[in-house]
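Working notes, structure below.
As a basis for the values below, the full set of heavy atoms in this structure was taken, side chains included, without hydrogen atoms, waters or symmetry mates. Residue numbers start from 1 in every chain, and the chains themselves are labelled A, B, ... in the order their sequence lines are given, proteins ahead of strands.
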Amino acid sequence: MYAIYLLNNKHLAVDTQFIKGISKKKSIYPLPNAPDFLVGITNIKGELYSIIDIFNVKYSSSTVSTFNYVIRIKPPHNFLLTAATKPVLIENTGEILKIEPEQDIDIFTKEIFYYEKNLVHLLDIIHLDNVLKNIHSGSDVNKEEK
Amino acid sequence: MRNREFSLKSIILARIITLSIIFIIFTLALLLSTGNIISNNNKDKLLIIGNNYAELIKNKIDKEFLQLTNDAARLEKSGENIETLASVLSEKNYKTINIYKKNNDSYILSFYSDEKPRNSVLTKNTPGLHELFGGGTKVYTFAESELLVINYFSHITKKNTEYIVNIRKTFPFPLNDSLKNFAIITKNDYTYIDKNNEIVTIPEQTTLYGHENIKTQFSVPIPSLNAAIIFDNDSFSSQLTSIFLWIIAGLILLYIIWFVAEISFLKFSTNPIFQLIPTFKKISQGDKKAGFVKTKVKEFNIIADAAKSTVDALLNEQSKTETLLNRLPVPVAVFDLNYNFIYKNKHFTTLFNIADNTEATFLDIIPASMKDLENQLMLFVNSPKQKDKSEIHDPKNDNYYIVRFAKIFDNNEHLSAIMVVFNDITFQKRETEKQTKRSKRVENILLSIEEAVLQLSTSSSELNSTAEALSTMLAQQNTSVAETNTSIHEMNTSVANISKSINQITELTDKITSDSEYGVDIMENAFSKINNVKDKMDTLVTTINDLNGKTAKITKILKTVYDISEQTNLLALNASIEAVRSDSGSQSFKVIAEEIRELSDKTFTFTKEIEEGLEKVVNSGNSSVMIVEETEKMLLESYNEIDSSKNNFIKIKNGIMEINSSLHNINNVLDDLNNASSDIYQTSNDLVSAMKDAVSSSKETQQTAHDIDSVSKTLRETLQEIDKLKQ
């Protein structure tokens, strides 16, 4: 099962096996000197999570993608992904397309498929987590891809 | 030679045609001569070029032959080994050196610098070379693949050994390709020894160099190569054609320029003349008022202006003369030597009773009764000494005239016209006769007048004074009595009218009083009703405000419901995700989660609808309050207006009551006035009857005046008689 949502006018999907829960956006505490993809931290049921803007991970930009919902990713990953719309659950991916993914998120894209006439990028959460950890320890994103 | 006239138009046309023909002839002549010159020139040039090429090729071959002979001599005379030297020489200058060494009866190839020739043994039977066996040299020159090849064979003896040295040199034709359309072809079939030292025959007309398929125009021989250069003068003719075309184009352009210039010259210089000519024609036909067209050429305009001003001056002179003659009070006519009228004034036409535009001559119009006039005229014209003045009697009308003739000369002192003037002297003649008869009659009439006047003077003076006095008196009295009577009558009528109007006013004021009382009552009624409405509106406003407050509360509650549904939805979503992760046994859990999610979706939708409905209720409530407030304001305004109207009504009512009482007083006074004026009217009527008596007595006096009239009539008749006599 997959949760499909909209971010930055693009349809993204996450396998529900990685999802711990979905909540509305609450107060966010931005961190000083943090990289652009780290929007801030927030408190959900007494636990602190870092919020990741996936469109700022590969290429850094000063703008943050607008969002209303956050998707909690299960341990051991333990971070929040932003979503502009409330995610919708679907059972199957449908036909997998062999086309080039969006440049911003190509390295995190596992597959691309059609859902209700829209292109949907299925995110590779494990790879994303690895990349995030490596960025933390100072290695290059694209190098990691290789 | 006949003095023939030509039209300017035909001259111009002839000029254009002639010049065009000359131009065409010139063009053709030029083209023909130029074509021949260029053609001949081209031929000469090509011949020279061909000869040059032949010479060039010959020189080249001679030069190379010399070198080859040299080299052969070197090979023979040098102390070095012949093969070593040959290899040096071939490296240095030549394409190929082959050396055949004598062995018994034949020569066998002992050295070759390039590739090995196919024919490596030369025997006495080898065609084309067998003559070398006795010694000497043999040269073959030929063309191969656009190249010139010299194949040189020489028989040499070195250190008692006999050799045949074969040196072959290849070089490009010493020609440049700047001239197109030429070729070098063989003149006869001819044979040569090729690089493999085998004999080859080239058939006649084979192209050795240059373009194939050239139409031969003329050829130049190359004896050294047993060939000829052939030329095709296509290039020349195309060059010629282009030159021709350019010449023709240039000439046509020149012609067009000339033609345009000619046309514009015609338009601007000759055409204006044609524009002026019709006016000149009109003037010559006698239309002296014809105007000239304004042309574009200054000089023509000056000519036209001069002509016009001359014609105008002439016209002016003519009109002056005609005015003078017209003003003469006597009959005047001018006619030319054929007695056609040039001019005649209206007295003349009246005298001879002819039409103004008659075409008859002067002799035609002389009546038979005045034949003497014709004789006089003939005498005057034919004899210079004839008297120019004579008296003529017209027995038809019994008129007498003095006729004067005058000769009019032109600038060259030639007689051009004759003027005739009639002076009517009939009146003078008659007057003298009448004078004597008239004096006698006047004397008799004067006597009878004297009698009548005496009789009249006595009676008329008396009567006149009496009648004048009486009429003055009567006139004065009659006027004053009539005036008085009219005034009294008018006054009576006015008083009656006033009385009637006042009665009407009184009735009206009574009605207004009652109406205004009714009005006050209605106003009070309206007051109470307005107050009622105002109270009810206040209540309505309060109710609507209450409703608004309650709606706001409901909206708050809805917000909470909305939040709850949102939260539930999220919970359900999470539950769904959780259910998937759990084992397959929790399928029912997943279904429940889905149901809850759908329920929360529905709740959300309904909440939204309720919210929209409530918003509409609040909006309409707010607008109702505004409308009610506005209505209340308007009601208050009308309340104030009615209040002031009510006060006004009361004031009107009081005022009208006052007017009413004053009107009743006036009515009484008017009644008294009416009675008094009736008395005055009676008195004035008495006066009128007295006046009638006076008028009847004045009529009697008028009768007497009539008598005087009859006497004066007699006098008038007498005086008329005197008038007649005077005539």
Can you list every pair that meets ring-ring contact (aromatic ring centres under 6.0 Å, His included) and has a residue in residues 608-628 of chain B, with sequence neighbours left out? none
Is it true that, when you exclude A/Asn9 itself, more than 12 heavy atoms of the residues, nucleotides or ligands shown sit nearer than 6.0 Å to its CG? no
Rounded at 0.5 Å granularity, tell me how far OH in A/Tyr69 sits from CG in B/Leu573. 9.5 Å
Rounded to the nearest 0.5 angstrom, the CZ-CG distance for A/Arg72 and B/Asn574 is 6.0 Å
So which residues of residues 20-38 of chain A are in contact with chain B at a heavy-atom cut-off of under 4.5 Å? A/Lys20, A/Gly21, A/Ile22, A/Ser23, A/Lys24
Which members of residues 73-88 of chain A, sorted by number, sit under 4.5 angstrom from chain B on a heavy-atom basis? A/Lys74, A/Lys86, A/Pro87
Can you check whether anything in residues 597-617 of chain B gets within less than 4.5 Å of chain A, heavy-atom wise, and list it by number? none
